[in-house]
A.B. asks: 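Take this structure first; my questions come after.
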Amino acid sequence: MIESLILQLLLALPLVLGAYISIVLMKLPDLSIESSYVFGAVLAVSCSGMDGMPLFLIACIGGGLVGLVTSVLNQYLHVPFLLAAILCNGLFHGIVQGVLGTPLVAFASPESSLVMLGFSQLAAEAGSLAIVGSLLVMVIALILVRQLGYCFAIYGNNPLFLERYGVSTRYVVITGVVLADAFAGLSGYLFAASNGFVDISMGYGVVLLCLTALILGRKMIPTQTPTVVVPLVGLGVYFALQQGLLTLGLDLKYFNAFQALIVLGTLLAFYRKLSARQKSDLLGVSS
Amino acid sequence: MFIKMKVLLFIVSTILLATLAGCGSGTQSSETRVAILMPLTHPSFDRIEKGFKQTLQDSFAKPIQFTTFNGQGSKTLLRSEIDEVARQNYDLVFTIGIQSSCMTKEVFQKKGLETPIVFTTIALPEVLGLADRSTNRTITGIQEILDFETLLSALPILNANMRNVLLVYDPTNFGLKEDRETVEKILSGMNIKLTPVEVFRTSEIQQKAMSFIAGADAVFILKDNTVVSGVDTLVKLCDRAGIPLLASDLDSVDKGAALAYGVNEDAYGTEAAKVALEILTTGTSPEAIPVRPLPTTMMQFKIHRPTLAKLKISAEAIRSLGVQP
């Protein structure tokens, strides 16, 4: 059971890391992660002649492209971000169908090179995911302690600050959203590769997953400093809760409702009246 | 706030402990345990599940415990459920639909599990890699059958001057594009034009179909989750236009479609149960049981008498379909 939990955590890790940047740090309603999750997977699967690292990069490029369209609509055409994300979802829904040609494509899961080292297929998959996950965590941790990471957090709190100090908010937004969606695209590909098929509806529910995990993470790690620990802990708790509910035999007809109640319960458990100077972010977590 | 944090931590720890307590190689029981996996909630899936459970319970000598897992439309949840099914060491896994079947096969193969898997209602298992006996030793199942030739042969009976048929369908459903091409070919052989209308949500049916219904002599729908969910809308539109609605699933007739040709959804469950029975009673490997379609003898016409009466279809015409008027 632990192995299943870890595997699922590793599959969703890039997605939540990306959502942490755009939704938590930059406080943007980045609903386009749903499309980038699917498009990254679809683009990588369409290039099935290659394998290994190039496919990871293609998945990131696919996801990043979705983020680029959303952020360009917002920054250059001044479309409100939420609307830009929704428009992007609609646009890429059609593009995905065009690229895939059919609603669902089944394929043999790519074999991890770790199989050659004598590991079983499952262990090799977990190992590959662990390597990818570790690299991403290191990249994000590095970004968060650099100027770019601080710019993401500052933009989320006060975009005017960046303007006053001559930092291009366009650059910050576009970079942040592209990075976030690129990670979502990678996560989509990893999920499709692990399950042996990609279908156009696989993005359903990923936004709720991200929001729940990030709310849990933010509440459990109440820090103002950008840190990679928040999405890690949030994701771990999310899947532990999910696994716990499955093990306890909860009627899964009510799972989505239960998930929403967990979020509500977490927010209420830590509710406190905010002073005039305080405000809560998109996730309902006070800053 | 520190106290509240402790409360939350306590709750989470309790759940984690409960989870760990549930860990292990799965429960041992004298009952035969069967897991049923479906990707989402749908009336057809419920009927298939019912047919499967009923048949197995009636025919299997030992007591059977069924556990149903529903993905609620979320692939992440479905994957968690499949991992849980794998952990619990069921005697057999019954999967309904494409996503649950493909995912289960993939996960079980990776884990090296030999648990037999029986799938149902998959139209093109060979395209999905489920029919190949050499690579799928633990999975077999029932293929969905469709007979558009017989269904569409009813068109001239309903209207001798049939010239234009409207096909309302969701191209994002797996296999429907191929079905549309098949239907188009059959109709062109009958000198009938097919006008396809693509809808992506149930809520789009009225808006899109209304524009085209004026020039149509009949409306045709495939076995399509999106459109079948909104069949009431099409029934109303066809009623207003005075044209028949033909469906590929029998349940649409209960909602007012004039005519359908297909099988009862329970039959998919029943036939899958027969395969499961063979595996559980005789220990036959799924590898030895080829993927098979439902017997064509199970297909039947079903009519909606009030609608046909409104369309002034004669009793002889109805009898020629092999149905009592």
Side-chain angles (χ1 to χ4, degrees), chain A residues 1-5 7-8 11-12 93 97 101-109 120-122 124-125 191-192 194-197 199-206 208-209 216 219-220 222 237 239-249 251-256 259 265-266 269-272, chain B residues 1 4-5 7-9 11-12 14-24 39-41 67-88 98-99 102-103 105-107 109-112 127-130 135 170-178 200:
Chain A
M1 194 228 61
I2 298 289
E3 86 185 14
S4 155
L5 211 140
L7 196 65
Q8 297 213 52
L11 287 173
H93 187 259
Q97 287 180 69
T102 174
L104 185 145
V105 169
F107 55 91
S109 288
S120 70
Q121 201 176 356
L122 192 68
E125 183 178 286
F191 191 82
S194 176
N195 290 298
F197 72 92
D199 89 280
I200 61 172
S201 65
M202 60 186 267
Y204 175 78
V206 297
L208 187 58
L209 185 160
L216 287 168
K219 285 301 186 187
M220 303 204 68
V237 172
F239 280 114
L241 282 169
Q242 186 184 82
Q243 199 62 49
L245 293 172
L246 281 171
T247 310
L248 290 171
D251 189 340
L252 293 165
K253 274 192 298 197
Y254 308 112
F255 185 82
N256 286 342
Q259 195 171 358
T266 310
F270 291 92
Y271 172 77
R272 59 191 169 92
Chain B
M1 179 176 157
K4 283 181 183 169
M5 170 82 99
V7 168
L8 186 65
L9 276 171
I11 292 166
V12 170
T14 309
I15 292 175
L16 277 170
L17 278 169
T19 308
L20 287 168
C23 268
L40 44 87
T41 305
T67 313
T68 303
F69 295 86
N70 189 323
Q72 298 297 327
S74 164
K75 304 292 181 296
T76 317
L77 179 58
L78 187 62
R79 177 59 190 258
S80 299
E81 289 169 346
I82 291 169
D83 283 332
E84 181 64 15
V85 167
R87 191 181 73 78
Q88 293 272 2
I98 297 172
Q99 286 101 345
C102 288
M103 248 195 223
K105 171 207 146 194
E106 197 64 33
V107 172
Q109 272 181 357
K110 280 191 181 134
K111 290 183 188 258
V127 170
L128 299 167
L130 295 173
T135 54
D170 178 358
T172 64
N173 279 344
F174 182 76
L176 293 191
K177 264 195 185 150
E178 290 78 9
F200 300 94

A.B. asks: Once rounded to the nearest 0.5 Å, what's the spacing between atom CZ of R79(B) and atom OG of S4(A)?
C.D. replies: 7.5 Å
A.B. asks: How would you list, by chain and number, every residue that makes a salt bridge (Lys or Arg N to Asp or Glu O under 4.0 Å) with K177(B), sequence neighbours excluded?
C.D. replies: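 Testing K177(B) for salt bridge (Lys or Arg N to Asp or Glu O under 4.0 Å), a comparison that skips the adjacent residues, returns none.
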A.B. asks: I need the D199(A) CG to M103(B) CE distance, nearest 0.5 Å.
C.D. replies: 8.0 Å
A.B. asks: Measure distances from L208(A) to the heavy atoms of chain B and classify the residue's part below 4.5 Å as side chain, backbone, both or neither.
C.D. replies: neither
A.B. asks: So, do N195(A) and Q99(B) sit near enough that their side-chain heavy atoms are less than 4.5 Å apart?
C.D. replies: no
A.B. asks: Step by step, would you call Q8(A) with S80(B) a side-chain hydrogen bond (donor to acceptor under 3.5 Å, both in side chains)?
C.D. replies: CA-CA 8 Å; Q8(A) 297 213 52; S80(B) 299; 2.9 Å; yes
A.B. asks: Would you confirm whether K110(B), through its side chain, and S194(A), through its main-chain N or O, come within 3.5 Å as a donor-acceptor pair?
C.D. replies: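 A pair under 3.5 Å: yes.
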A.B. asks: Would you mind checking which part of L104(A) comes under 4.5 Å of any heavy atom in chain B, side chain (CB onward), backbone (N, CA, C, O), both or neither?
C.D. replies: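 Interface part for L104(A): both.
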A.B. asks: How long is the straight-line distance from CD1 of I200(A) back to OG1 of T172(B), given to the nearest 0.5 Å?
C.D. replies: 4.0 Å
A.B. asks: With rounding to the nearest 0.5 angstrom, report the CZ to CG distance, F197(A) to L128(B).
C.D. replies: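 The distance works out to 9.5 Å.
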A.B. asks: With sequence neighbours excluded, what pairs up with D170(B) under the salt bridge (Lys or Arg N to Asp or Glu O under 4.0 Å) test?
C.D. replies: none
A.B. asks: How close do L77(B) and Q242(A) get, counting heavy atoms only, and between which atoms?
C.D. replies: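 Here L77(B) and Q242(A) meet closest at CD1-NE2, 4.0 Å.
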A.B. asks: Which one wins on heavy-atom pair count under 4.5 Å against chain A: G71(B), G129(B), G73(B), G175(B)?
C.D. replies: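 Greatest number of close heavy-atom pairs with chain A: G73(B).
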A.B. asks: Non-hydrogen atoms of chain B under 4.5 Å away: do they reach the side chain of Y204(A), the backbone, both or neither?
C.D. replies: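 Looking at Y204(A), backbone and side chain both touch chain B.
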A.B. asks: Testing the basics here: between P103(A) and P171(B), what is the closest heavy-atom pair and its distance to 0.1 Å?
C.D. replies: CG-O, 3.4 Å
A.B. asks: Side chain, backbone, both or neither: which part of L78(B) has a non-hydrogen atom closer than 4.5 Å to chain A?
C.D. replies: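 Neither part, no heavy atoms under 4.5 Å.
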